[in-house]
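Data first, discussion second: the structure below is written as structure tokens.
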Number of protein chains: 2
Amino acid sequence: MTGRTGPADSEATRKPRRSTQQKSAISAELSTLGGFVSAQELHRLLNASGSGIGVATVYRQLNRLADDGEIDTVTSPDGERLFRSCHTAEHHHHIVCRQCGTAVEISPPVEQWLDDVGRSNGFTAISHTFEVFGICADCSTSAETS
Amino acid sequence: MTGRTGPADSEATRKPRRSTQQKSAISAELSTLGGFVSAQELHRLLNASGSGIGVATVYRQLNRLADDGEIDTVTSPDGERLFRSCHTAEHHHHIVCRQCGTAVEISPPVEQWLDDVGRSNGFTAISHTFEVFGICADCSTSAETS
DNA sequence: TCCACTAGTGATAACGACTATCAATAAATA
DNA sequence: TATTTATTGATAGTCGTTATCACTAGTGGA
Ligand SMILES: [Mn+2]
Ligand SMILES: [Mn+2]
Ligand SMILES: [Zn+2]
Ligand SMILES: [Zn+2]
């Protein structure tokens, strides 16, 4: 066997991760934005700032960050995936503004309840998506004064 | 008043609806299936039964049936829309089997709770998607005996 | 510091679900 | 039956996302 570096890692969990400029740019942009954005829009924003980052890389890093639990994802009503920088470790949900992407975190008490309902119906391996959208205070006031 | 049943329709809500063989075939197939199916799979099933129905028509009728509230829709974890014949008038949710599409209806107490949480955070026009997937009893037992 | 190795990048093609188009067809109504 | 027009269906197009693959650039060792 050739000198494989790293600790006695189980090869199933192995995931080499190299820190690149692109990944930093993406994380940084997500942090400054604060709210949820689509991959496409993030790509637009980054390129507007003169970084010739490719769209494939944006998708790749976004997916990877999501896998690593460093960012949260949400699927918009029309099927587009949205991302936002978030370091809350536990499982939680959001209310997301349809207009500007601003979000607040919520923790509904449905998690345990769900498991019970599923089990009592013979269902196992239960997963759920609970996504809430609305119009935030800022967006609704600025809409009135239009 | 022309023999139109139901409320005095405002022309904005007017929607002429003609009963075709295709629509009947789709509804029938949905009824016999019982569970959730994608438009693509439904199209496949219908064509396997020798009805040269077009895929565009399947999508059209499915969307229309959903608009009219005659069927329920759910979005699978990978973004595909699923449909099933269901005549429960009120808003409700399902636990759907990832494998065979079998579903049971659930009515979580999150509806009102959600509105309150949203309002207390300044959010209005709140909409939500609450979708639950799992493996039904039948599918999990048949998987064990593989 | 330089090198070898390979993860990561990016232009682009491909994919898949879904919708728009439009000439042809078949319900509805008189 | 004749007229009208909603509906159909083959097909091209849209759009978000992923696969390819030659090239670039982190990384760890010499
Ligand atoms: Mn979060
Ligand atoms: Mn239902
Ligand atoms: Zn907003
Ligand atoms: Zn099942």
Side-chain angles (χ1 to χ4, degrees), chain A residues 1-7 9 11 13-27 29 36-47 49-68 70-71 73-83 101, chain B residues 1-5 9 11 13-27 29 36-47 49-68 70-71 73-83 101:
Chain A
M1 165 171 290
T2 62
R4 206 146 175 52
T5 56
D9 43 22
E11 36 271 79
T13 323
R14 192 108 241 287
K15 42 183 172 183
R17 220 114 283 194
R18 195 172 285 186
S19 70
T20 67
Q21 309 176 250
Q22 290 86 347
K23 175 176 180 178
S24 300
I26 290 173
S27 294
E29 187 67 32
F36 279 91
V37 258
S38 68
Q40 303 278 358
E41 190 176 343
L42 186 61
H43 178 242
R44 245 175 276 132
L45 290 170
L46 287 169
N47 281 359
S49 305
S51 75
I53 191 170
V55 64
T57 298
V58 175
Y59 276 103
R60 259 189 307 247
Q61 288 297 348
L62 246 22
N63 286 337
R64 177 168 295 187
L65 287 168
D67 285 348
D68 294 353
E70 299 190 31
I71 63 176
T73 68
V74 139
T75 300
S76 80
D78 40 277
E80 202 175 14
R81 278 186 83 190
L82 307 179
F83 307 83
Chain B
M1 168 178 276
T2 64
R4 196 153 181 57
T5 53
D9 44 21
E11 38 270 81
T13 325
R14 194 106 236 290
K15 41 185 172 181
R17 220 114 283 195
R18 194 172 283 187
S19 71
T20 67
Q21 309 175 248
Q22 289 85 347
K23 176 176 178 178
S24 300
I26 290 172
S27 294
E29 188 68 32
F36 280 91
V37 257
S38 69
Q40 302 279 357
E41 191 176 341
L42 187 60
H43 178 241
R44 244 174 277 131
L45 290 170
L46 288 170
N47 281 359
S49 305
S51 75
I53 191 171
V55 66
T57 297
V58 175
Y59 276 103
R60 259 189 308 247
Q61 288 297 348
L62 246 22
N63 286 337
R64 176 169 296 186
L65 287 168
D67 286 346
D68 295 352
E70 299 189 30
I71 62 176
T73 68
V74 140
T75 300
S76 81
D78 40 277
E80 200 175 13
R81 279 186 82 192
L82 308 179
F83 307 84

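Numbers restart at 1 for each chain; the letters A, B, ... are given by sequence-line order, proteins then strands.
- A:Arg60 comes within 4.0 angstrom of a nucleotide base, judged by non-hydrogen atoms across all strands.
- Phosphate contact (OP1/OP2 of C:dG8, side-chain N/O of A:Arg64, threshold under 4.0 Å): present.
- A:Asp78 comes within 4.0 angstrom of no nucleic acid atom, judged by non-hydrogen atoms across all strands.
- Applying the 4.0 Å criterion to OP1 and OP2 of D:dT27, one finds that A:Ser19 has a side-chain N or O inside that range.
- Contact annotation: A:Asn63 side-chain N/O to D:dT17 OP1/OP2 distance is not under 4.0 Å.
- Protein atom CG of A:Leu62 is 13 Å distant from nucleotide atom C1' of D:dG16, rounded to whole Å.
- In this entry the distance linking CD1 of A:Ile26 with C1' of C:dT9 reads 11 Å, nearest Å.
- A donor-acceptor pair is defined here as one N or O able to donate and one able to accept, closer than 3.5 Å; such a pair exists between the side chain of B:His43 and the backbone of B:Ile53.
- Of the candidates D:dT7, C:dC18, D:dG9, C:dC18 carries the atom nearest the B:Ala39 side chain, counting heavy atoms from C-beta on.
- For the pair B:Arg17/B:Arg64, a side-chain contact is recorded, criterion being any heavy-atom separation below 4.5 Å from C-beta on.
- With rounding to whole Å, A:Leu42 atom CG is found 15 Å from D:dG16 atom C1'.
- Taking every side-chain heavy atom of B:Thr20 into account, D:dT7 is the closest of D:dT7, D:dA10, D:dA25.
- The interatomic distance linking A:Leu82 (CG) with D:dG16 (C1') rounds to 12 Å, in whole Å.
- Distance from the side chain of B:Ile53 is smallest to D:dG9 among C:dG10, D:dT7, D:dG9.
- B:Gln21 has no side-chain polar atom (N or O) that falls below the 4.0 Å cut-off from OP1 or OP2 of C:dT25.
- When side chains are defined from C-beta on, B:Leu82 does not count as touching B:Glu41, because their heavy atoms never get closer than 4.5 Å.
- An OP1 or OP2 oxygen of C:dG8 is reached within less than 4.0 angstrom by no side-chain nitrogen or oxygen of A:Thr57.
- A straight line from NE2 of B:His43 to C1' of C:dA17 spans 14 Å, rounded to a whole angstrom.
- A distance-only check finds a donor-acceptor pair linking the side chain of B:Ser76 to the backbone of B:Glu80 [under 3.5 Å].
- The distance from atom CZ of B:Arg44 to atom C1' of C:dG16 is 12 Å, rounded to the nearest whole Å.
- Put simply, the side chain of A:Val58 does not reach to within 4.5 Å of the side chain of A:Gln22, judged on heavy atoms.
- For B:Tyr59, no side-chain nitrogen or oxygen approaches OP1 or OP2 of C:dT19 to under 4.0 Å.
- Counting non-hydrogen atoms under 4.0 angstrom, A:Gln40 reaches a base of the nucleic acid.
- Following rounding to the nearest Å, A:Gln22 (CD) and C:dG8 (C1') show an atom-to-atom distance of 8 Å.
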